[in-house]
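Below is one structure, written out as structure tokens, with a few remarks after it.
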Amino acid sequence: MSTAFIQQGEFLSLAKAMTPEELGDILSGHGMWKTEANVRLGIPHMIMTDGTYGVRYSIQQIEQDEKGGQDFEAFLNVVNQRAKDVEVAWGTMRPATCFPNGSSFACSWDVELAATLGDALGKECQRLGVNLLLGPGINIRRTPLGGRSYEYYSEDPLISGEIATGVINGLQQRGVGASLKHFACNNSEVERTSMDSIVEERALREIYLRGFERAVKQSQPWTVMSSYNRLNGVHTAENSWLLNDVLRSEWGFEGVVVADWHGIKDRPASLLAGNDLDMPESETRKASLINAIKSGEVPREEAERSAERILSLVHRAKSAERPETQVDVDAHHALARKMVAESIVLLKNENQTLPLEATRCRQLLIVGEGAKKPVIQGSGCATTTPTRVDIPYDEILRYCGDTIAVNWCQGAGDEFTDEQALRAEACTAAQSADYVVVFVNSEDGYDGEGSDRRTLGLQHGHDALISALAAVNDRVIVVLANPDAVVMPWLDRVSAVVETFYAGQAMGGGVADVLFGAVNPCGKLTVTFPQRIDYIPGWHSYPGENGRHYYSEGIFVGYRWYDIRKVEPLFPFGFGLSYSQFTYSDIALDVQSLREDDTVNVSFTLKNTSTRAGKEICQLYSHYDTSKRARAVQELRAFSKVDLQPGEARRITLAVSADDLRYYDTGRQQWILEEGQITLSVGPNSREFPLQAEVKCLSDVARYRLISRDTQPIFVLENPVAREAFTRFLQAQLSVSAPDADRMLEHCKNSFFSIFTTFDRRFRQRFAEADIEQLIVTVNRAIIERETQ
């Protein structure tokens with residue numbers, strides 16, 4: 001079947017040859033994880049499955065071709081399943097490498113490693129016969145409470161888009177398609193299939209769509225997945241502005257839009273809005289589409305256009321199949337371990353507590369159930385059945401050998417009566433230990449799809465355990481496993497904090513590598529850690545009510561909020577320590593001014609001033625010195641991960657495009673480079689800038705706003721083009737001289753009403769509607785022409 005289809009390759013003619021029923025089939029899924037085949041036309045199935053950090057392959061759902069109601073029950077079971085029970089509940093899953101989850105891996109800030117991850121995922125997909133992997137997910141981590149934060153990369157669109165680009169390119173170069181998701185503004189799991197995300201347009205463009213835009217333009221994913229939620233009143237799966245105007249027309253997306261599973265409410269409306277593929281199979285939705293095609297409610301050419309896209313996708317996927325692909329499971333586990341080491345964030349290391357050394361650590365106490373049953377991933381559709389799992393306790397023992405005595409205590413339990421005894425036991429053991437390593441995690445059961453977290457605290461008893469251990473031993477090392485930011489009421493009393501987030505199946509080995517110095521930590525946070533839960537941006541409007549969630553912080557998401565409000569975070573965006581020390585010096589710019597389409601290259605010297613080789617993630621931020629617009633204090637514009645030997649210095653160059661310095665002008669409905677002086681700051685995180693330099697942005701655009709009926713007089717008078725046009729208008733309409741007309745305008749200057757209302761009240765003069773409209777058109781055309789000269 002597939003050979004004939006591949007040879008034919010005339011997708012439009014195939015679509016035209018289909019009956020309405022066949023069009024309904026090809027535009028709908030087959031079961032849970034396939035596109036529909038067509039024996040008459042020689043069109044094969046294509047297989048897809050979930051996996052933002054690992055391939056989740058269900059033997060029952062894919063190979064046994066289950067359909068109908070069984071699929072829906074299985075789907076709910078997948079979504080509602082807790083990660084800790086994955087091996088028990090999904091015994092029919094094929095194992096695959098569970099790489100570090102998105103919130104963990106993004107802390108590597110490593111685009112090349114992201115491409116390597118994509119390549120590895122592609123190999124595992126090819127081995128399993130999977131043509132399309134449903135990932136990566138890059139929704140902005142607007143709140144650390146978000147249930148799916150563990151899948152997503154950052155609170156910032158730049159790093160989200162760059163990491164996604166790497167993963168997509170690596171995956172698709174291996175002949176497996178990506179599905180960039182969830183488009184768009186799916187930033188909470190509360191009422192996730194119906195919640196209306198109310199987002200101001202500038203914030204929507206600059207924060208929530210920007211990462212998607214970068215990834216689409218830089219990697220052209222084979223598919224984009226529409227999200228469950230509504231966006232400003234319209235379900236994203238049925239949002240023509242989002243899917244047709246923005247995604248396809250503005251960004252040039254060429255692939256298929258696929259709906260999130262059971263995310264479509266009105267199938268005919270979704271197709272007209274640009275949502276090509278309805279997943280999974282639904283006889284009800286399919287029937288409504290077929291009827292709409294037959295009745296003309298959905299023009300046949302619209303259905304054929306979507307069918308052509310799907311046929312092209314199937315052809316591309318089947319042509320790229322490589323069933324002979326071999327996967328070295330051990331090599332992929334080693335890659336996962338490398339990724340852990342590159343991503344772990346060392347948040348505190350007082351008095352060089354780490355790395356552990358046998359010369360000063362003879363007795364080591366390990367505390368916590370997580371040391372023997374590690375928390376490695378979140379819950380939901382992304383949950384992967386690992387090929388193996390490193391046990392942190394076992395990996396630590398390998399490093400300790402015969403030179404360091406190791407003891408383990410559970411430390412915390414589920415029952416209150418056990419908790420007191422377990423904590424007391426651990427504290428007694430801690431009194432005689434040289435160092436204590438305690439493994440803790442966030443609240444189990446609120447770490448995944450379908451529910452947001454309720455607290456930024458750790459699981460019940462874990463905060464108290466850390467505090468109790470720190471009271472009897474001043475060398476406590478905390479190892480965290482959590483989907484997103486947590487608060488740390490014990491921070492001042494512990495010696496070191498190692499943040500793993502959800503680091504996948506090799507977490508145990510990667511943590512041991514860092515604890516004992518075999519690997520020098522280099523990861524840095526891609527979100528801000530707040531000191532308190534009510535410091536979260538938008539906390540006062542989260543999670544909304546009556547099905548509406550207002551994104552009240554606007555463009556000030558994440559670190560932008562903490563900076564503009566002058567709120568001290570627990571740990572700032574971009575923060576992370578190393579066993580090495582680095583200095584920044586000698587900043588220089590290759591240009592002193594920028595216009596549209598220009599680029600400034602920012603160069604500086606980075607030196608490793610320590611005796612240990614290490615990697616530093618250099619970050620560049622921009623700030624307008626003065627602006628007429630609401631602006632963040634600092635915004636990430638570029639970054640680079642640099643590997644330096646002891647004493648080595650290197651010249652680093654980061655490029656900043658003028659396009660990335662633009663803001664979205666809602667009045668003009670376009671991106672604008674604002675004229676003004678910009679400070680470019682370079683440093684190790686968003687709150688520490690040893691280097692700064694200035695560049696001038698040159699732009700005539702948006703110096704003056706366009707004119708409307710409601711424009712106040714002051715904005716007409718300060719715009720020379722508009723003032724001249726209004727002066728001529730008054731001359732012609734009132735038969736007055738130019739000086740008199742200008743004085744009349746000046747007399748209106750202090751009015752806070754619109755210019756035409758002011759004319760009416762002050763001059764008792766009304767003008768014809770047609771003349772007013774013509775004046776507005778003439779003025780705005782003149783403003784735009786002047787800007788483009």
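Values reported hereafter were calculated over all heavy atoms of this structure, with side chains retained and with hydrogens, waters and symmetry mates removed.
Going from atom CD of Glu124 over to atom NE2 of His332 covers 5.5 Å, rounded to the nearest 0.5 Å. Summarising the geometry, atom NZ belonging to Lys372 is positioned 11.5 Å from atom CZ belonging to Phe439; distances are rounded to the nearest 0.5 Å. Note that CD of Gln505 is 11.0 Å distant from OH of Tyr53, once rounded to the nearest 0.5 Å. Here the straight-line distance linking atom CG of Leu365 with atom CG of Leu469 works out to 7.0 Å at 0.5 Å rounding. Atom CG of residue Asp390 and atom CD1 of residue Ile396 lie 11.5 Å apart, to the nearest 0.5 angstrom. Here the OG-CG distance, from Ser578 to Leu644, works out to 10.0 Å after rounding to the nearest 0.5 Å.
Not counting sequence neighbours, Lys348 has no partner by the side-chain hydrogen bond (donor to acceptor under 3.5 Å, both in side chains) test. Residues passing the salt bridge (Lys or Arg N to Asp or Glu O under 4.0 Å) test with Lys641 are Asp110, Glu342, sequence neighbours excluded. With sequence neighbours excluded, the residues satisfying ring-ring contact (aromatic ring centres under 6.0 Å, His included) with Phe571 are Phe575. By the side-chain hydrogen bond (donor to acceptor under 3.5 Å, both in side chains) test, Arg322 pairs with no residue at all, sequence neighbours left out. Listed by chain and number, the residues in a ring-ring contact (aromatic ring centres under 6.0 Å, His included) with Tyr435 amount to none (sequence neighbours excluded).
For Gln377 and Asn101, the side-chain atoms include no donor-acceptor pair closer than 3.5 Å. In summary, the side chains of Glu321 and Asn131 do present a donor paired with an acceptor at a separation below 3.5 Å, with no hydrogens or angles considered. With 3.5 Å as the limit, one finds no donor-acceptor pair spanning the side chains of Asn520 and Tyr579. Side-chain contact, Gln172 with Ser219: no donor N or O sits under 3.5 Å from an acceptor N or O. A donor and an acceptor atom, one from each side chain of Gln126 and Thr325, are nowhere located under 3.5 Å apart. Neither side chain, Asn186 nor Tyr228, offers a donor N or O lying under 3.5 Å from an acceptor on the other. In summary, the side chains of His182 and Asn229 do not present any donor paired with an acceptor at a separation below 3.5 Å, with no hydrogens or angles considered. Checking Thr528 against Glu155 by side-chain atom types alone, a donor-acceptor pair falls below 3.5 Å. Checking Asn482 against Glu499 by side-chain atom types alone, a donor-acceptor pair falls below 3.5 Å. Looking at Thr455 and Glu443, their side chains never bring a donor and an acceptor atom within 3.5 Å of each other.
For Glu112, the CD atom sits in a loose shell: 12 or fewer heavy atoms of surrounding residues, nucleotides or ligands are nearer than 6.0 Å. The number of heavy atoms from other shown groups lying within 6.0 Å of NZ (Lys217) is above 12.
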_Let's go through Asp643 and Arg650 carefully: what are the C-alpha distance in whole Å and the side-chain angles of both, what is the deciding distance for salt bridge (charged side-chain N to carboxylate O under 4.0 Å, His left out) to 0.1 Å, and is it a yes or a no?_
CA-CA 10 Å; Asp643 190 355; Arg650 190 181 306 168; over 6 Å; no
*When you look at Asp513 and Arg398, which way does the salt bridge (charged side-chain N to carboxylate O under 4.0 Å, His left out) test go after all the steps?*
CA-CA 10 Å; Asp513 290 340; Arg398 290 190 178 94; over 6 Å; no
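Closest approach of Arg454 to Leu145, counting heavy atoms only: C-CD2, 4.4 Å. Of all the heavy atoms in Cys361 and Leu364, the pair that sits closest is SG-CB, 4.0 Å. Minimum heavy-atom separation, Tyr562 to Pro530: OH-CB, 3.2 Å. In terms of heavy atoms, Leu525 sits closest to Trp109 at O-CZ2, 3.4 Å. Nearest heavy atoms, Val406 versus Cys400: CG2-SG, 3.5 Å.
With respect to the salt-bridge test (charged N to carboxylate O, under 4.0 angstrom), the residues Asp50 and Arg56 qualify.
Put simply, the side chain of Asp156 reaches to within 4.5 Å of the side chain of Tyr559, judged on heavy atoms.
Ser103 contributes a side-chain N or O that, together with a main-chain N or O of Pro483, makes up a donor-acceptor pair within less than 3.5 Å. With Thr526 contributing its side chain and Tyr153 its backbone, the two residues share a donor-acceptor pair below 3.5 Å. For the pair Lys524 (side chain) and Pro684 (backbone), a donor-acceptor distance under 3.5 Å is present.
When each of Thr143, Asn187, Asp452 is tested with Tyr542 by the rule side chain to side chain donor-acceptor pair (under 3.5 Å), just one qualifies, namely Asp452.
A salt bridge (charged side-chain N to carboxylate O under 4.0 Å, His left out) check over residues 164-178, counting only residues at least two apart or in different chains, returns the pairs Asp119-Arg174.
In this structure, the ring of Phe99 has its center no less than 6.0 angstrom from the ring center of Phe105.
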